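This chain uses plain numbering: 1 for the first residue, then up along the sequence. This one's a predicted model, so the numbers in the text were calculated from it and none came from an experiment.
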Amino acid sequence: MKFVSTLAAAVIGLTAFNTAEAQQNQPACSSIYTRPELLSLTPAQWSNTRGVLSAMQRDGWFAWFAYLHNQWFSQIHGNSQFFPFHRRFVQDWESVGRRYSGSFVQPYWDEMRDYRVPASSQVLTSNWVGGNGQGANRCVTNGNQGGWTMTFPNNHCFSRVFGNNGNPTSWYSPEYIQSFIQRDTTMAQFRPDIEYSLHGVVHINIGGDMLQGYSPNDWIFMLHHTNIDRLWWQWQQNNRLWTMDGPNYDNTATTLNTNIAYYNQPIRSVMQLGYGSMCYQYASNPIRRRALDSGLENTLISSLPKDVLSTWFPDTAKKPVVAAARPPPALASAAPGVSAGSGMPFPAKLTQQWIQMHKYNKADVDRVENDARNFVNAMNKAGYRSPV
């Protein structure tokens, strides 16, 4: 009986997927490339990527994308343009890179993996994208952009100013982002939850060029927004493939037929990976895999108390408990007064400067940040210990 129910659910899911494909009204991609996590690149792939980026800098593409993002800044933040614009923007960037090398693919940085102590991330070392800026002008001297002179909005050394005096406060955990993916059912919920949390604190705590409207000067922008796009795709795969709602930048309702800012293409044209010009997928989430997979669900998260699970991870709460091959190292004894450092740390907050720069509604930002604190308190009270 259980097998029949499972089979029926699979058939229903496949039918829904095929119906969604019919809505696309765009040709399926003849080939699909895979965007990897940055640190999974082989030395040869990283060498090729660095060569492409250097050529793009030489030919003015960093300046162009910085200019474009800066020009449309107010229209693509704080509203439902956020996800579709940046998906199209990164794909545009990637397509330029592929003119220099057909094997170029824009990687993503899984920043949640480094959320506890961001400054210690391997990504932020000389072998990869480099670290904090140095000297009075905070010029970056190492990594793939070390010593570069950026040309927009004027000639200046490529800079970073890490937050908290060079030791950025903790970012957002993979568990909390997974909670959004499970709890949020509308774009009007999901967009601010991501934009006012992980999106903002990474920009702020990398600082320098990343703190400006022309943040694409820093290649971390592309790594970051590729990851943000990956999270949107995870959310879409959770039976929300065609979900688009909430306000547009002109306060009209956003629909699938709303044009993407600057590109003047309907949002529906970027909704489904594998169609039209969206000919890519993510290594962590192949296009045709329908199941939501956080990588944590069957071990740590599923071991949480039922009330915590149903509040913060409703999809996981509905799944039958699968006995693990070995006991998960999930829950330590709950201790009173668990605080950042002994349990899950509280994430950084958006600065007032950042909120004003984007013209965010402060009450909306406060809601997200309070929700994050409530989440951390609930996890720590339950004795949860993240493996990350």
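Pairs passing the salt bridge (charged side-chain N to carboxylate O under 4.0 Å, His left out) check and including a residue from residues 140-162, sequence neighbours excluded, read R160-D218. For residues 62-80, every residue pair satisfying the side-chain hydrogen bond (donor to acceptor under 3.5 Å, both in side chains) rule, not counting sequence neighbours, is listed here: H69-H86. For residues 34-47, every residue pair satisfying the salt bridge (charged side-chain N to carboxylate O under 4.0 Å, His left out) rule, not counting sequence neighbours, is listed here: R35-E94, R35-D229, E37-R113. Residues in residues 192-210 take part in these salt bridge (charged side-chain N to carboxylate O under 4.0 Å, His left out) pairs, two or more places apart or across chains: R191-E195, D193-R367. Evaluation of the disulfide (SG to SG under 2.5 Å) test over residues 65-136, restricted to residues two or more places apart or in two chains, returns none.
Separating the CD atom in Q106 from the OG atom in S95 is a distance of 11.5 Å, to the nearest 0.5 Å. A distance of 8.0 Å separates OG in S284 from CG in D110, rounded to the nearest 0.5 Å. From I181, atom CD1 reaches atom CD of Q237 across 10.0 Å, with rounding to the nearest 0.5 Å. Rounding to the nearest 0.5 Å places CH2 of W171 at 14.5 Å from CZ of R116. S121 OG to L39 CG: the interatomic distance, rounded to the nearest 0.5 Å, is 6.5 Å. Distance check: M187 CE to T254 OG1 gives 9.0 Å after rounding to the nearest 0.5 Å.
Within the 4.5 Å cutoff, no side-chain heavy atoms of V129 are placed close to those of W109. Residues Q272 and L241 meet the side-chain proximity criterion, which asks for heavy atoms closer than 4.5 Å. A 4.5 Å side-chain heavy-atom check between S302 and K319 finds every atom pair outside the cut-off. For the pair T255 and I267, the minimum side-chain heavy-atom distance is 4.5 Å or more. Side-chain contact between S310 and K318: absent, with no pair of heavy atoms (C-beta onward) separated by less than 4.5 Å. L198 has its side chain within reach of V202: a pair of non-hydrogen atoms, C-beta onward, lies under 4.5 Å apart. Here the side chains of I220 and H203 are not in contact, with every heavy-atom distance at 4.5 Å or above. No side-chain heavy atom of H224 sits under 4.5 Å from any side-chain heavy atom of Y108.
Other residues, nucleotides and ligands contribute at most 12 non-hydrogen atoms within 6.0 Å of the CD atom of Q353. In this structure, N137 places its CG atom where only 12 or fewer heavy-atom neighbours from other residues, nucleotides or ligands lie under 6.0 Å away. The local environment of CG in N370 is crowded, with over 12 non-hydrogen atoms from other residues, nucleotides or ligands closer than 6.0 Å.
Considering only residues two or more places apart in sequence or on other chains, R99 meets the side chain to side chain donor-acceptor pair (under 3.5 Å) condition with none of them. With sequence neighbours left out, the side-chain contact (heavy atoms from CB on, under 4.5 Å) criterion links S103 to N48, S101. For V161, the side-chain contact (heavy atoms from CB on, under 4.5 Å) test picks out R138, with sequence neighbours left out. Residues satisfying the side-chain contact (heavy atoms from CB on, under 4.5 Å) test with S47, not counting sequence neighbours, are none. Residues passing the side chain to side chain donor-acceptor pair (under 3.5 Å) test with S40: none are found, sequence neighbours excluded. Residues passing the side chain to side chain donor-acceptor pair (under 3.5 Å) test with D366 are K362, sequence neighbours excluded.
Checked against a 6.0 Å centroid threshold, the rings of Y262 and F85 do not count as neighbours. Separation of the Y282 and W233 ring centroids does not fall under the 6.0 Å cut-off. Taking the six-membered ring for Trp, Y176 and F180 have ring centres closer than 6.0 Å. Taking the six-membered ring wherever Trp is involved, the centroid distance between the rings of Y214 and F65 does not fall below 6.0 Å. Checked against the 6.0 Å centroid threshold, W93 and F62 count as a close aromatic pair.
Taking every heavy atom of both residues into account, V388 and P174 meet most closely at CG2-CG, 3.8 Å. Between N227 and M112, the shortest heavy-atom distance links the atoms ND2-SD, 3.7 Å. Taking each heavy atom of R87 and M271 in turn, the nearest pair found is NH1-O, 3.3 Å. Closest heavy-atom contact between S31 and C279: O-CB, 3.6 Å.
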Practice task
Please lay out, stage by stage, how S386 and E175 fare under the test side chain to side chain donor-acceptor pair (under 3.5 Å).
Solution key: CA-CA 8 Å; S386 175; E175 291 89 348; 2.6 Å; yes
Handout entry: Intermediate values then yes/no, side chain to side chain contact (heavy atoms under 4.5 Å, CB included), R183 and D315
Key = CA-CA 8 Å; R183 286 186 289 149; D315 292 340; over 6 Å; no
Exercise for the section: Applying side chain to side chain contact (heavy atoms under 4.5 Å, CB included), run through I206 and F162 and close with a yes or a no. Expected result: CA-CA 5 Å; I206 295 299; F162 285 0; 4.1 Å; yes
Problem - Worked verdict on W46 versus N127 for side chain to side chain donor-acceptor pair (under 3.5 Å) - result: CA-CA 10 Å; W46 178 226; N127 289 334; over 6 Å; no
Practice task
Would you check, one step at a time, whether the test side chain to side chain donor-acceptor pair (under 3.5 Å) holds for Q265 with N259?
Solution key: CA-CA 5 Å; Q265 299 168 338; N259 277 346; over 6 Å; no
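Residue F83 forms a ring pair (Phe, Tyr, Trp, His ring centres under 6.0 Å) with just one option from F190, W235, F89, and that option is F190.
Aromatic ring pairs are classed by plane angle as parallel below 30°, tilted from 30° to 60° and perpendicular above 60°; the pair W354 and H199 is tilted.
Looking only at atom types and distance, the side chain of Y172 has no donor-acceptor partner in the side chain of E111 under 3.5 Å away. For the residue pair N238 and Q182, no side-chain donor N or O sits within less than 3.5 Å of a side-chain acceptor on the partner. Using modelled atom types, one finds a donor on one side chain and an acceptor on the other under 3.5 Å when comparing T185 with Q189. A donor-acceptor contact under 3.5 angstrom links the side chains of T252 and D250, judged on distance only.
Stacking of R373 on the aromatic ring of F346 is recorded, both the 6.0 Å distance cut-off and the 45° axial limit being met.
Hydrophobic clustering of Ile, Leu, Val, Met, Phe, Trp and Tyr side chains at less than 4.5 Å, counting indirect connections, keeps I194 apart from Y249. One hydrophobic cluster holds both Y33 and L38 under the rule that ILVMFWY side chains link at heavy-atom gaps under 4.5 Å.
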Could you list the donor-acceptor pairs under 3.5 angstrom formed by side chains in residues 141-149, with sequence neighbours left out?
from: N142; atom 1: OD1; to: G131; atom 2: N; distance (Å): 3.0
from: Q145; atom 1: OE1; to: W219; atom 2: N; distance (Å): 2.8
from: Q145; atom 1: NE2; to: N217; atom 2: O; distance (Å): 2.9

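A salt bridge is absent between D184 and R240: the closest approach of a Lys/Arg side-chain nitrogen to an acidic carboxylate oxygen does not fall below 4.0 angstrom.
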